[in-house]
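Since the structure comes first, as structure tokens, the remarks are kept for the end.
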Amino acid sequence: MQNNFTIFNSLSRKKELFKPIHSPFVGLYVCGPTVYSDTHLGHARPNITFDLLFRYLTHLDYKVRYVRNITDVGHLEDETAGEGEDRISKKARQEHLEPMEVVQKYMNTFHRNLEQLNTLPPSIEPRASGHVIEQQEFIKQILANGYAYEVNGSVYFDILKYNEKYKYGKLSGRKLEDLQSNTRSLDSQQEKHNSFDFALWKKAAPGHIMKWPSPWSTGFPGWHLECSAMSVKYLGDVFDIHGGGMDLQFPHHECEIAQSTAALGKESVNYWMHNNMITINGQKMARSLGNFITLDQLFSGNHPALEQPYGPMTIRFFILQAHYRSTIDFSNEAMQAAEKGLQKLMKAVITLSKLNPSATSTINVDELRKKCYEALDDDLNSPILLSHLFDGVKIINSVVDGGEKIDATGLESLKELFNTLVFEILGLKDESTGKNDEKLTAELMKIIVELRQNAKTNKDWATSDKIRNELKSAGIALKDLKDGAEWERE
RNA sequence: GGUCGGUUAACCGAGUGGCUAGGUAGCGGUCUGCAAAACCGUUUACGGCGGUUCGAAUCCGCCACCGACCUCCA
């Protein structure tokens, strides 16, 4: 299969032509969330970014297996606090729930929010707690190959040993000496041979809820292991693309590389992709920093920092307006700009569907199409794609105004292009449609518009303005045309 | 302190050597009873100082500021 799709590979720090291992099949693994609290705006970024990737690869006729995990065990709150409490266990205790109730609750929210953002579900969504055996097998392999050691029922990865043959730190550009001098002193360090070694299996402290039997101790798997074990299980020893947020590059993805290489003797991932962060007031939005806005808060407007609610598609458009490797700064002003821009785009799609062809054409749709695909092929440059689409919007509106002409062939081509790019690939949708009482509203509006036309015929401007103004405050915009009038929801 | 990245107009953001994205906001015009929408035109730019070059927002050097990672994080 031929394509010109290039991906910026975080490992090589270069754009590379995308060549799947077993075309037309593509294996894609993306790090999912730890489900212990509500989904926030920051989470929308990777999910929309990799949804765009999934949609585009699928559009290019690849058969994509998209695996996105749910972390429901093994992430410690604070390793310095002695035993280190699991984030999920902590939340369970606070809310008087079973750990799995916490997981289910926030996983449900995550799924609902992502559906609202119109992201496609992954092909497989494995959970760490359901793959403890696979993770143990992975540890056994690493131990057998001599890259891990056991101390008091816990198993640690031996980075010095690993570094003799392979290079630890290649993804994040870190040197072992720097890590050595910079690693904090942790309690468990006494058990570790070196401060930078990381846990593959941790013996459970007394009272620890989420634990499993193992050859080493009753305990739980280390933080980085699940992704190595599950990606290899579902995508094979070597697969195409691994994605995630930039903040996971180190140590999470670095450790994944080390684990897979230590267990399998080779690296598992051909292309590493990392999305950048969403910032607020110039600072990363993060759960741990407490400066986050949840998606439900954004949708409802129920947050002190929000001047108004913002629809899921506004958020999707806002994110797509920046390139995925750049930071994007959240503000009400920026969101309102995105909302207006999205409206303009959606309005043009509707206008396009009603357009009448001319005998001749002044528009080169093929040229526009070419530019759009070049943008996508250039490491998913969605902002450039949108800029070309807005060129298209101008063309569509100019056809209505009579400044441009389009023939039947061009019109079909333009419709196909817009439908494919806007809905299928960018995954946007018109939020104003789908209301149940649309039909009744239409009937009522017909009557109101007719009454207003009568008033206008009688030059009764007071009445016609009153109707228009009151409709406006009810959220309906009336627009006078040469003959008659049309209306739309604002 | 170490590693990496950023600094583009009122705001959000593209852009890697000459062709000076796009959206939002502003201004002027066309249309209109008025307005809105749409269209046409248009104002604010490339952190600072040097250097390379016929030519630099783009390459190089220094400085300033901001951020990410180095602990869990999307």
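Order of the sequence lines sets the chain letters (A, B, ...), proteins ahead of strands, with each chain counted from 1.
Taking atom P in both A10(B) and G48(B), one finds a spacing of 14 Å when rounded to whole Å. Only the C1' atoms considered, G22(B) is 32 Å distant from C34(B), to the nearest whole Å. Between the P atoms of C60(B) and U7(B), the separation comes to 14 Å (whole Å). Rounded to a whole angstrom, the distance from the C1' atom of A38(B) to that of G51(B) is 50 Å. One C1' atom belongs to G47(B), the other to U42(B), and the distance between them is 27 Å to the nearest Å.
In this model, the phosphate group of A74(B) is approached by a side-chain N or O of R287(A) to a distance below 4.0 Å at OP1 or OP2. A sub-4.0 Å separation between OP1 or OP2 of C40(B) and a side-chain N or O of K394(A) is present. Look at K459(A) and you won't find any side-chain N or O under 4.0 angstrom from OP1 or OP2 of G33(B). OP1 or OP2 of C39(B) sits under 4.0 Å from a side-chain N or O of N397(A). Taking side-chain N and O atoms only, S326(A) has a distance below 4.0 Å to OP1 or OP2 of A14(B).
Side-chain N/O atoms of H388(A) and E374(A) include no donor and acceptor closer than 3.5 Å. Side-chain atoms of D51(A) and Y66(A) include no donor-acceptor pair closer than 3.5 Å.
Pair assignment for A21(B) gives none, since no Watson-Crick or G-U wobble pairing has each distance under 3.5 Å. In this entry A68(B) has U3(B) as its Watson-Crick or G-U wobble partner, both defining distances falling under 3.5 Å. Here U32(B) sits opposite no nucleotide as a Watson-Crick or G-U wobble pair (both hydrogen-bonding atom distances under 3.5 Å). A 3.5 Å limit on both hydrogen-bonding distances identifies C63(B) as the Watson-Crick or G-U partner of G47(B).
Counting non-hydrogen atoms under 4.0 angstrom, R45(A) reaches a base of the nucleic acid. Using a 4.0 Å heavy-atom distance criterion, G403(A) is classed as making no nucleic acid contact.
With C70(B), A68(B), U24(B) as the choices, the nucleotide that has an atom nearest any side-chain atom of Q283(A) turns out to be A68(B). The side chain of D480(A) approaches G33(B) more closely than any other nucleotide in the set G33(B), C11(B), G67(B). Taking only side-chain atoms of Q321(A), from C-beta outward, the nucleotide of A35(B), G23(B), A36(B) with the closest atom is G23(B). The side chain of N381(A) lies closest to A14(B), out of A14(B), C72(B), A35(B). Taking the side chain of A334(A) as heavy atoms from C-beta on, and the options C12(B), A25(B), C69(B), the nearest nucleotide is C12(B). Side-chain atoms of K344(A) lie closest to G23(B) of the nucleotides A37(B), A25(B), G23(B). Considering only side-chain atoms of R468(A), the nucleotide from G33(B), A14(B), C72(B) that sits closest is G33(B). Among the nucleotides C72(B), A74(B), C39(B), the one closest to the side chain of N275(A) is A74(B). Looking at the side chain of S398(A), the nearest of the listed nucleotides G13(B), C40(B), A35(B) is C40(B). Picking from G67(B), C12(B), A74(B) the nucleotide with the shortest atom distance to the side chain of T34(A) gives A74(B).
A donor and an acceptor atom never sit less than 3.5 Å apart when one is taken from the side chain of R13(A) and the other from the base of C4(B). In the interface, the side chain of N281(A) is not paired with the base of G67(B) through any donor and acceptor atom under 3.5 Å apart.
One can place NE2 of H253(A) at 11 Å from P of A74(B), the figure rounded to the nearest angstrom. Here the C1' atom of nucleotide G15(B) and the CG atom of D378(A) are 11 Å apart, to the nearest Å.
Looking at R127(A) and D72(A), a side-chain N of the basic residue comes within less than 4.0 Å of a carboxylate O on the acidic one, giving a salt bridge.
Summary of the strand contacts: I278(A) and A337(A) both lie near RNA chain B, and taking for each the nucleotide with the nearest heavy atom, the more 5' one is attributed to A337(A).
Counting heavy atoms from C-beta on, the side chains of K90(A) and Y36(A) never come closer than 4.5 Å. Counting heavy atoms from C-beta on, the side chains of F292(A) and L41(A) never come closer than 4.5 Å.
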Next on the checklist: Between F317(A) and I48(A), does the side chain to side chain contact (heavy atoms under 4.5 Å, CB included) criterion hold? Intermediate values first, please.
Outcome noted: CA-CA 10 Å; F317(A) 186 87; I48(A) 288 171; over 6 Å; no
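Separation of the Y234(A) and H131(A) ring centroids falls under the 6.0 Å cut-off.
Here F390(A) does not count as stacked on G23(B), because the ring centres are not under 5.5 angstrom apart with planes under 30°.
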